[in-house]
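Beneath this line is the structure, given in structure tokens, with notes to follow.
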2 protein chains.
Amino acid sequence: MDKQKEILNAALKLFTEYGFHGTPTSKIAQEAGVANGTLFHYYKTKDDLIIALYADIKQRLGFCVVQDVKPADSVYEQAKKFYTAALQWGIENSLEFRYVQQFASSPYVAMIPEELKEQNNITINLIKQGIKEKIIKVSPADYVLALFSSHLYGVNQYINEHKMSAAKQKQFVAESFELVWKMIT
Amino acid sequence: MDKQKEILNAALKLFTEYGFHGTPTSKIAQEAGVANGTLFHYYKTKDDLIIALYADIKQRLGFCVVQDVKPADSVYEQAKKFYTAALQWGIENSLEFRYVQQFASSPYVAMIPEELKEQNNITINLIKQGIKEKIIKVSPADYVLALFSSHLYGVNQYINEHKMSAAKQKQFVAESFELVWKMIT
DNA sequence: ACCTTTGTGGAGTGATTAGTCAATCTGAAT
DNA sequence: ATTCAGATTGACTAATCACTCCACAAAGGT
């Protein structure tokens, strides 16, 4: 496996377990099975690595979420697919999800590059369309997105903390979407 | 002012601005206007301080929230008072709120003492009563609490990021409660 | 074969930091 | 006045950590 990816994997594991300041770069290199210098070959600084890991996760999540949405779908269907895909991904990649949360409530948020923030635009546009079609009754759009996101985080955390069968999980995901949807329509 | 409180104040300010690993204890002592040794007189370790600050904030929030709830109130009224008080407090103490979030999504969560977790019991009991009275239609109770909390965090963050008049804020608080309430009933 | 670029290693370093300690101060009780 | 426990100080230290540096290896490109 690619050493660069090994470094990201190791960083994800250690950062979520011990926090940013609790994991020295030397431990990351060790866990990844590479030399100390190799880490700094790929990432100029520790902060660089922290941000790159965030960007990598966000991109993977973003890709997964948009995957099977068709433009012909109704706002409801699109929103449901977004929500379900994101939540399902969060369940299957709980470390990644926790990392995003940890990152988002740390001072590193200020360092998020502009182009990453643009990923939200797809969702924002969907919400705006919903508002225009008078299906979504809450506004403005970024407020709806905030409600949507925090709901997603909350449900994800709940599911991850309460181990249950995959079937039960699916049911939770589906039902919880209906809850947010009911809330904003 | 009490030196111990000065230390907590300084820690809050610096931790939220630079993160746990980004703020050395020496800077905290300096900001608090005390000597390095004084900090360690009150808190054996840095971790101790981090946890004590969390406990202090949680306690203050907890006190403020329960304040004007009367047992005679209906579940709806009690829930609304809880929600409104917490959110209002979060708006007026945004640093504290951000700290709690930062703490909660860090590895320090694992170190939260048992007695602090019990603060949730009041809310949990209220929700259980709501479920029993068939007013709240979602269960289990801790799931409802998770939905409630994440909603609260989301709205708080939105309000803090979008500066608006106090009147507009109050309106947001009131309306956002109706949204969650609609969701779970 | 020769050169250039890129990747890899790991010992080394300067700066930083959590935490200690012994000395002094404060104030209240006897 | 004397005592004594807690508060306060800041210089000190042992350890750690982010990052550098240089040597070497691999992989092409010509």
Side-chain angles (χ1 to χ4, degrees), chain A residues 1-57 59 95 99 102-103 105-113, chain B residues 1-57 99 102-103 105-113:
Chain A
M1 198 189 201
D2 197 354
K3 302 222 172 194
Q4 191 167 7
K5 277 184 185 162
E6 288 285 7
I7 291 171
L8 286 182
N9 274 346
L12 174 63
K13 184 185 164 187
L14 295 174
F15 281 147
T16 47
E17 189 165 357
Y18 304 107
F20 294 123
H21 90 287
T23 80
T25 53
S26 56
K27 282 264 166 61
I28 297 172
Q30 194 184 324
E31 172 85 21
V34 303
N36 225 314
T38 308
L39 191 154
F40 286 96
H41 172 71
Y42 289 108
Y43 305 100
K44 269 204 266 293
T45 66
K46 189 181 181 180
D47 282 8
D48 251 37
L49 169 61
I50 291 172
I51 292 163
L53 178 56
Y54 177 78
D56 178 65
I57 292 175
Q59 205 184 330
L95 276 191
Y99 183 82
Q102 189 178 329
F103 185 94
S105 54
S106 82
Y108 289 106
V109 223
M111 302 184 203
I112 299 177
Chain B
M1 197 189 203
D2 196 355
K3 300 218 170 194
Q4 192 167 7
K5 278 183 185 164
E6 287 285 9
I7 292 170
L8 285 183
N9 274 346
L12 174 63
K13 184 184 165 189
L14 295 174
F15 281 147
T16 47
E17 188 165 359
Y18 305 107
F20 295 122
H21 91 286
T23 81
T25 52
S26 56
K27 281 263 166 61
I28 297 172
Q30 193 186 322
E31 171 85 21
V34 303
N36 224 315
T38 308
L39 191 155
F40 286 97
H41 172 71
Y42 289 108
Y43 306 99
K44 267 204 267 294
T45 65
K46 189 181 180 182
D47 283 8
D48 252 35
L49 170 61
I50 290 172
I51 292 164
L53 178 56
Y54 177 78
D56 178 66
I57 293 175
Y99 183 82
Q102 190 178 329
F103 185 94
S105 55
S106 81
Y108 289 107
V109 223
M111 303 185 203
I112 298 177

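Chain A is the first sequence line, chain B the second, and so forth, proteins listed ahead of strands; every chain is numbered from 1.
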Any side-chain heavy-atom pair from A:L12 and A:D56 closer than 4.5 angstrom?
no
Shorter than 3.5 Å, N or O on both sides, protein versus nucleotides 10-17 of chain C: list them out with atom names.
from   : atom 1 : to    : atom 2 : distance (Å)
C:dG10 : N7     : A:G37 : N      : 3.3

Gap between atoms CG and C1', on A:L39 and C:dG7 respectively (whole Å):
14 Å
Return the CG to CG distance between A:D48 and A:L53, rounded to the nearest 0.5 Å.
12.0 Å
Test ring-ring contact (aromatic ring centres under 6.0 Å, His included) applied to A:F20 - qualifying residues, sequence neighbours left out:
A:F15, A:Y99, A:Y108
Here the distance between atom C1' of C:dG9 and atom CD of A:Q30, to the nearest Å, is 15 Å
What residues, two or more places apart in sequence or in another chain, satisfy side-chain contact (heavy atoms from CB on, under 4.5 Å) together with B:I112?
B:Y54, B:F103, B:V109, B:L116, B:K117
Do B:Y43 and B:L8 have side-chain heavy atoms sitting under 4.5 Å apart?
yes
With rounding to the nearest 0.5 Å, note down the distance linking OG in B:S106 to NE2 in A:H21.
9.0 Å
Mind calculating the distance between CD1 (B:I28) and C1' (C:dG19) to the nearest angstrom?
13 Å
B:A32: partners by side-chain contact (heavy atoms from CB on, under 4.5 Å), with sequence neighbours left out
B:E6, B:I7, B:A10, B:V34
Mind calculating the distance between NZ (B:K44) and P (C:dC21) to the nearest angstrom?
14 Å
Contact list for residues 24-40 of chain A, test side-chain hydrogen bond (donor to acceptor under 3.5 Å, both in side chains), sequence neighbours left out
A:K13-A:E31
Nucleotide range of DNA chain D lying under 4.0 Å from chain B heavy atoms:
D:dA7 to D:dG10
To the nearest Å, how far apart are B:D47 CG and C:dG19 C1'?
12 Å
